[in-house]
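Owing to the predicted nature of the structure, the values given are computational and were not obtained by experimental measurement. One-based numbering along the sequence shown.
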Amino acid sequence: MTATLQREWQAFWLALGFLTRIPMLVRIDYSQSLMNQSSVYFPLVGLLLGATYTGLYLLLSQLWSLPVCLLLVLIFHLWITGAFHEDGLADSIDALGGGYTVEKRLSIMKDSRIGTYGSVALILALGLKLALWLSIDGLLIAFLIVPAIARFTPLLLMHFMRYVTDPDSSRSKPVAESFSGSRLLLAGLFCLLLSLLTQTLFWSLLAVAATALIWGFYLQRQLGGYTGDTLGASVILTELVLLLLLAV
């Protein structure tokens, strides 16, 4: 294996370990540049998660009713990802809802405790996702592609916006440091191919563009850029928007 391929292989496993609880089964020569390089694999990790959700649902559907199966899939999702993006959503809404200055918002966002705004946002987001799963026709397609497409939105934010939080206090800092246009293009082509194969191109483009533009514009006004938590929130928001569009 060439040095380039070996580095890409490590970057993939680093992305998998960063976004999930799945243990990294290869030796990683960790560096901040490798952590940044791993971001291109976020949509691929999302696709692997989606395939896992699909397989789990097909297995569970042989035993229980639809609502029970979907709730179990949701529980599995929260466990396998460590509720990573949901935590970002709760922290972001707490900060943006409770802070009146940029400094105060960033301070609230770093607080490990969850407040009323974050709790309400988390409950509503999980409830809406479950309701949309229950109402959508192409459930298996949604399981498969939504986690992948949604993980492209934070890449757009990382490329086009400024990172504003304390670099010593954020798990996402090495990822968010910078994101090259070439790797953004590669991730975008992967998502484009996936949406074409599943005939969801229009809805996928609309969901990512709408979330990136509206959420990004709001973050620019409220924070002057993005934080690791707001990247996680962007994944949840894109998932919900895409599910809403697919359920139309």
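Interatomic distance, Ser204 OG to Leu194 CG, rounded to the nearest 0.5 Å: 7.5 Å. The CD atom of Gln6 lies 10.0 Å from the OG1 atom of Thr4; values are rounded to the nearest 0.5 Å. From Leu231, atom CG reaches atom CH2 of Trp215 across 10.5 Å, with rounding to the nearest 0.5 Å. Between the CD1 atom in Ile22 and the CG atom in Leu48 there is a gap of 7.5 Å [rounded to 0.5 Å]. The OG1 atom of Thr238 lies 10.5 Å from the NE2 atom of His85; values are rounded to the nearest 0.5 Å. Separating the OG atom in Ser92 from the CD1 atom in Ile236 is a distance of 10.5 Å, to the nearest 0.5 Å.
Applying the under-4.5 Å side-chain rule to Ile, Leu, Val, Met, Phe, Trp and Tyr, the cluster around Tyr100 consists of that residue alone. Hydrophobic cluster membership for Val120: Leu124 (Ile, Leu, Val, Met, Phe, Trp, Tyr linked by side-chain heavy atoms under 4.5 Å, directly or transitively). Other members of the hydrophobic cluster containing Leu193, listed by chain and number, are Leu197; membership follows side-chain contacts under 4.5 Å among ILVMFWY residues, whether direct or relayed.
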Going through the checks in order, is the side chain to side chain contact (heavy atoms under 4.5 Å, CB included) test met by Ile80 and Thr52?
CA-CA 10 Å; Ile80 197 67; Thr52 304; over 6 Å; no

Could you go step by step and tell me if Ile136 and Leu243 meet the side chain to side chain contact (heavy atoms under 4.5 Å, CB included) rule?
CA-CA 8 Å; Ile136 202 167; Leu243 285 172; 4.3 Å; yes

Test side chain to side chain contact (heavy atoms under 4.5 Å, CB included) applied to Arg7 and Ser33, step by step:
CA-CA 11 Å; Arg7 185 170 175 81; Ser33 63; 2.8 Å; yes

Begin with the C-alpha distance, continue with both residues' side-chain angles, and end with the deciding distance and a verdict on side chain to side chain contact (heavy atoms under 4.5 Å, CB included) for Leu244 and Val248.
CA-CA 6 Å; Leu244 283 166; Val248 171; 6.0 Å; no

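Both Ile75 and Val73 belong to a single network of hydrophobic side chains, linked directly or stepwise wherever heavy atoms of I, L, V, M, F, W or Y lie under 4.5 Å apart. A continuous path of hydrophobic side-chain contacts links Leu144 to Leu49 [ILVMFWY only; heavy atoms under 4.5 Å]. The cluster map of Ile, Leu, Val, Met, Phe, Trp and Tyr, joined by side-chain heavy atoms under 4.5 Å apart, puts Leu189 and Ile149 in different clusters. Cluster membership check: Val40 shares its hydrophobic cluster with Met161, using side-chain heavy-atom separations under 4.5 Å among Ile, Leu, Val, Met, Phe, Trp and Tyr. Both Trp79 and Leu71 belong to a single network of hydrophobic side chains, linked directly or stepwise wherever heavy atoms of I, L, V, M, F, W or Y lie under 4.5 Å apart.
Side chain of Arg105 to main chain of Gly99: a donor-acceptor pair is present (N/O by atom type, distance under 3.5 Å, no hydrogens or angles). Judged by distance alone, with hydrogens and angles left aside, the side-chain atoms of Asp94 form no donor-acceptor pair with the main-chain N or O of Ile114 at under 3.5 Å. Judged by distance alone, the side chain of Ser61 and the main-chain N or O of Leu58 form a donor-acceptor pair under 3.5 Å. Checking side-chain atoms of Thr20 against main-chain N and O of Leu16 turns up a donor-acceptor pair under 3.5 Å. Judged by distance alone, with hydrogens and angles left aside, the side-chain atoms of Ser135 form a donor-acceptor pair with the main-chain N or O of Ala131 at under 3.5 Å.
With sequence neighbours excluded, the residues satisfying side chain to side chain contact (heavy atoms under 4.5 Å, CB included) with Leu126 are Leu74, Leu78, Glu86, Leu122. Every residue was checked against the side-chain hydrogen bond (donor to acceptor under 3.5 Å, both in side chains) condition with Thr211, not counting sequence neighbours, and none meets it. The ring pair (Phe, Tyr, Trp, His ring centres under 6.0 Å) search around Phe143 returns Tyr57, Trp133, not counting sequence neighbours. Contacts of Phe190 classified as ring pair (Phe, Tyr, Trp, His ring centres under 6.0 Å), with partners at least two apart in sequence or in another chain: none. Listed by chain and number, the residues in a ring pair (Phe, Tyr, Trp, His ring centres under 6.0 Å) with Trp203 amount to none (sequence neighbours excluded). Residues that satisfy the salt bridge (charged side-chain N to carboxylate O under 4.0 Å, His left out) test with Arg183, not counting sequence neighbours, are Glu8.
Val146 and Leu246 get closest at one heavy-atom pair: CG2-CD1, 4.0 Å. When all heavy atoms are compared, the tightest approach of Tyr163 to Gly228 is CE1-N, 3.8 Å. Summarising the geometry of Ala187 relative to Leu155, their closest heavy-atom pair is CB-CD1, 3.6 Å, with the distance given to 0.1 Å. Pairing each heavy atom of Leu157 with each of Ala212, the nearest pair is CD2-O, 3.8 Å. Residues Leu240 and Leu132 approach most closely at O-CD1, 4.0 Å, considering heavy atoms. Closest heavy-atom contact between Val102 and Leu223: CG1-O, 3.8 Å.
Counting only residues at least two apart or in different chains, salt bridge (charged side-chain N to carboxylate O under 4.0 Å, His left out) contacts with residues 111-121 comprise Asp111-Arg113. Pairs engaging residues 10-30 under the salt bridge (charged side-chain N to carboxylate O under 4.0 Å, His left out) rule: Arg27-Asp29 [sequence neighbours left out]. Note on residues 184-198: pairs passing side-chain hydrogen bond (donor to acceptor under 3.5 Å, both in side chains), not counting sequence neighbours, are Thr198-Thr200.
For the pair Leu47 and Pro147, the minimum side-chain heavy-atom distance is 4.5 Å or more. A heavy-atom distance below 4.5 Å is found between the side chains of His77 and Lys129. The shortest distance between side-chain heavy atoms of Leu201 and Leu205 falls below 4.5 Å. Within the 4.5 Å cutoff, no side-chain heavy atoms of Lys110 are placed close to those of Asp229. The shortest distance between side-chain heavy atoms of Val164 and Arg162 falls below 4.5 Å. When side chains are defined from C-beta on, Val235 does not count as touching Thr153, because their heavy atoms never get closer than 4.5 Å. You'll find the side chain of Phe12 stays beyond 4.5 Å of the side chain of Val26, heavy atoms only. Thr227 is not listed as a side-chain neighbour of Leu219, based on a closest heavy-atom distance of 4.5 Å or more.
Counted within 6.0 Å of CZ on Phe76, heavy atoms from surrounding residues, nucleotides or ligands total more than 12; the atom is thus considered enclosed.
The one candidate from Leu134, Leu72, Leu130 that meets the side chain to side chain contact (heavy atoms under 4.5 Å, CB included) condition with Pro67 is Leu134. A side chain to side chain contact (heavy atoms under 4.5 Å, CB included) with Met35 is found for exactly one of Ser38, Ser31, Ser39, namely Ser38.
With hydrogens and angles left out, the side-chain atoms of Ser234 and Arg151 include no donor and acceptor closer than 3.5 Å.
Using cut-offs of 30° and 60° on the angle between ring planes, the pair Trp9 and Trp13 is perpendicular.
Side-chain rings of Phe152 and Phe42 stay apart, their centers remaining 6.0 Å or farther from each other.
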